[in-house]
Trainee: 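First the structure, which I've put down as structure tokens, then a few questions once you've had a look.
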Amino acid sequence: MSVTDPTASTLSTQSAFGVNDQSEEERARTWYERIPAAYWVLAVILLIMPAMASNFTLDQIFGRTFIIGMIALSLMFLAGYGGMVSIVQMTIAAVAGYMVAIFGTSAITAISLGWPWWISVPLALVIAVLFGTAVGALAVRTEGIYTIMITLAIASAFFYFARQNYTLFNGFSGFNGVLPPKLFGVDWRGARALYYLTLFWATLSFLAVLYVSRSPFGLALQGVRDNPRRMAALGYNVNAHRVAAYAFAALIAGVAGVLNVWQYAQISPGTAGTGPVIDILVIAVIGGMNRPIGPFIGAFIYVVLKTFAIDILISMGLSGDRFQLLIGISFLLIVFFSPDGILGLWERVRESRKRDPLTDRGGGAP
Amino acid sequence: MNVAAAPNQTSVADRLSVTGTGNALELRGVSKMFGALAALSDVTMSVRPGERRAVLGSNGAGKTTLFNCITGDFLPTTGTVRFFGEDISVFPAHERIRRGLRRTYQISLLFTGLSVLDNIYLACCGVSRGRFSFLRPRRNDALMATSEDLVNVVHLRDVKDTRVSELSYGQQRQLEIAMALSGAPRFILFDEPAAGLSPTERSELIEILTGLPGHMGYIIIEHDMDVALRVSESVTMMHNGRIFKEGKPAEIEEDPEVQALYLGGGE
């Protein structure tokens with residue numbers, strides 16, 4: 001600030017040989033050591049996964065996990081750091097998917113403009129972010145359950161609009177034949193290529209959320225979540241911060257939406273139906289909304305359950321189309337035993353191991 | 001009231017004070033209704049730049065409501081508030097804070113999940129352009145350096161990386177003050193900063209308040225007369241949402257009406 005303060009100058013000379021330098025040095029030396037060993041192991045396993053897993057696993061289990069996990073991550077960012085539960089994240093992803101189909105190439109040549117990917121994809125992301133920001137601008141006027149209601153209303157409205165509009169969204173059937181570009185001569189729909197493509201973007205968005213959470217913007221967002229009144233009394237425009245959070249979350253959901261349409265090569269209103277839209281919330285809750293890794297854990301559980309529930313049910317002599325029941329029961333069980341998801345369960349186990357009076361203090365620490 | 005209506009005012013300072021633009025804080029006819037209850041009625045008050053004033057009064061006298069109307073936590077029902085000449089009556093809270101107004105809260109409103117340093121860093125960011133930065137603070141980040149300085153100012157250096165929820169009550173109060181001092185404030189509102197402090201912590205608080213740079217005026221709400229009268233140069237007494245008496249600390253202390261109403265005569 002421009003006002004010269006007589007104390008400010010004397011104080012800043014103090015810090016030259018004070019706490020400042022010491023802790024900065026420490027921070028710089030140990031940045032990679034602060035990453036838990038489990039994450040290194042996980043990274044190596046994920047990188048060599050294509051050597052072990054079948055194409056089905058790579059595409060249908062991990063590819064899905066990364067894409068759905070990213071959409072759930074965008075919800076986790078809003079809900080975990082911003083305290084805003086938005087149901088509209090799957091819809092934002094669908095908007096990005098539709099835009100890729102409309103601006104790019106698809107089998108519906110009457111509508112698709114056939115523009116090259118380097119125009120259609122950025123344009124799709126821009127529109128998805130604009131859409132997410134507009135939803136945010138509406139939703140930040142509400143709190144708690146009303147945020148859920150208004151975002152659910154927008155999500156439903158989009159679903160019905162896309163289903164009934166034939167000039168732009170091609171109504172009930174949507175678009176098929178939406179293929180990813182053959183960049184570097186690779187078929188990005190191949191199991192291995194898609195695996196690495198989705199892994200890359202999932203990791204990037206995971207790291208981005210982790211990084212932003214400790215940036216001034218992320219800290220301020222958490223401040224807004226905990227105490228909006230105090231944040232206003234510190235000079236923050238609380239609503240502007242919330243809307244910006246929606247925009248950032250929409251970017252992540254938008255990228256996931258593009259990957260999603262490429263994986264299936266098609267998009268239809270069902271992509272953003274009420275079921276899939278709410279599934280994202282279920283996934284984020286199952287995984288845990290306190291940390292960015294939670295949504296991916298939730299997505300993995302969801303995808304595995306959804307893929308194998310039919311086989312389990314049939315092996316038990318039941319009808320296979322009841323797989324939603326199995327998912328619902330698992331969701332109930334997880335929420336019942338741990339309201340903050342799998343992550344919360346894991347943290348509680350670690351805590352209780354630490355607290356054991358018979359072992360030494362390092363019991364639960366890695 | 002305008003300049004033309006007061007032709008006998010000669011000096012610029014006099015005319016400025018008539019318009020209310022020469023003061024750090026100028027309240028005119030400020031009222032706040034909660035339904036039928038008048039928490040504040042027709043409060044008019046001027047505070048010069050750099051002035052230190054105590055606001056006294058029993059519980060429910062409207063002291064905290066006065067603060068809330070000044071900082072914009074809620075808007076007054078009627079009346080105008082000027083801050084260094086600028087009419088801020090309809091500004092949202094964050095706009096007022098960015099103009100150099102600060103406040104502390106009676107019940108600490110801190111971010112208990114964050115460290116001491118992060119709390120102060122947030123306070124420093126709030127009044128800077130870095131609010132929306134998606135980049136983490138770098139090694140030589142100016143705001144982080146300022147935050148480290150403020151940690152030293154309020155004697156919290158030893159606990160700067162501690163979570164606020166683990167601090168003692170007195171330390172939390174000190175952190176409140178550090179947050180109010182961030183980003184070159186011009187005027188600060190202290191809402192009962194000494195409440196619940198030990199005698200040692202009280203004397204530390206008095207030391208901090210009296211040691212503030214001369215251009216930083218403040219209003220302090222305080223029940224402890226020892227603290228209030230030692231850190232202020234003028235006193236405003238409030239009762240039932242109205243200003244009841246204004247004067248120097250010594251005058252107020254000896255006023256029989258004040259003694260009957262507030263000091264209980266036996267102090």
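Convention: sequence-line order gives letters A, B, ...; per-chain numbering from 1. Just the heavy atoms: all of them, side chains too, but no hydrogens, waters or symmetry mates, feed the values below.
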Trainee: Are B:Phe91 and B:Val81 packed together at the side-chain level, in the sense that at least one heavy-atom pair is separated by less than 4.5 angstrom?
Mentor: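 No; the side chains remain at least 4.5 Å from each other.
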Trainee: Side chain, backbone, both or neither: which part of B:Leu101 has an atom under 4.5 Å from a heavy atom of chain A?
Mentor: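 Contact with chain A is absent: no heavy atom of B:Leu101 under 4.5 Å.
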Trainee: Could you go step by step and tell me if B:Gln172 and B:Leu110 meet the side-chain contact (heavy atoms from CB on, under 4.5 Å) rule?
Mentor: CA-CA 8 Å; B:Gln172 292 193 3; B:Leu110 300 167; 3.8 Å; yes
Trainee: Flag the one option from A:Ala233, A:Ala240, A:Ala244 with the top tally of heavy-atom pairs under 4.5 Å to chain B.
Mentor: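 So the answer, after comparing A:Ala233, A:Ala240, A:Ala244, is A:Ala233.
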Trainee: For the OG1 atom of B:Thr236 and the CD1 atom of B:Ile219, what is their distance to the nearest 0.5 Å?
Mentor: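 It is 7.5 Å, given to the nearest 0.5 Å.
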Trainee: For A:Ala208, is it the side chain, the backbone, both or neither that has a heavy atom under 4.5 Å from a heavy atom of chain B?
Mentor: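 For A:Ala208, neither part sits under 4.5 Å from chain B.
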Trainee: Is chain A contacted by the side chain of B:Asn68, its backbone, both, or neither, given a heavy-atom distance below 4.5 Å?
Mentor: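 Side chain only.
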Trainee: Looking at A:Asp226, A:Val212, A:Leu219, which one has more heavy-atom pairs under 4.5 Å with chain B than the rest?
Mentor: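 Top count of heavy-atom pairs under 4.5 Å with chain B: A:Leu219.
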Trainee: Determine whether the side chains of B:Ser89 and B:Thr80 contain a donor N or O and an acceptor N or O closer than 3.5 Å.
Mentor: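 No, B:Thr80 and B:Ser89 have no side-chain donor paired with an acceptor closer than 3.5 Å.
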Trainee: Any cation-pi pair here, B:Arg186 with B:Phe84, using under 6.0 Å and within 45°?
Mentor: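 Judged by the rule (NZ or CZ under 6.0 Å from the ring centre, within 45° of its axis), B:Arg186 counts as positioned above B:Phe84.
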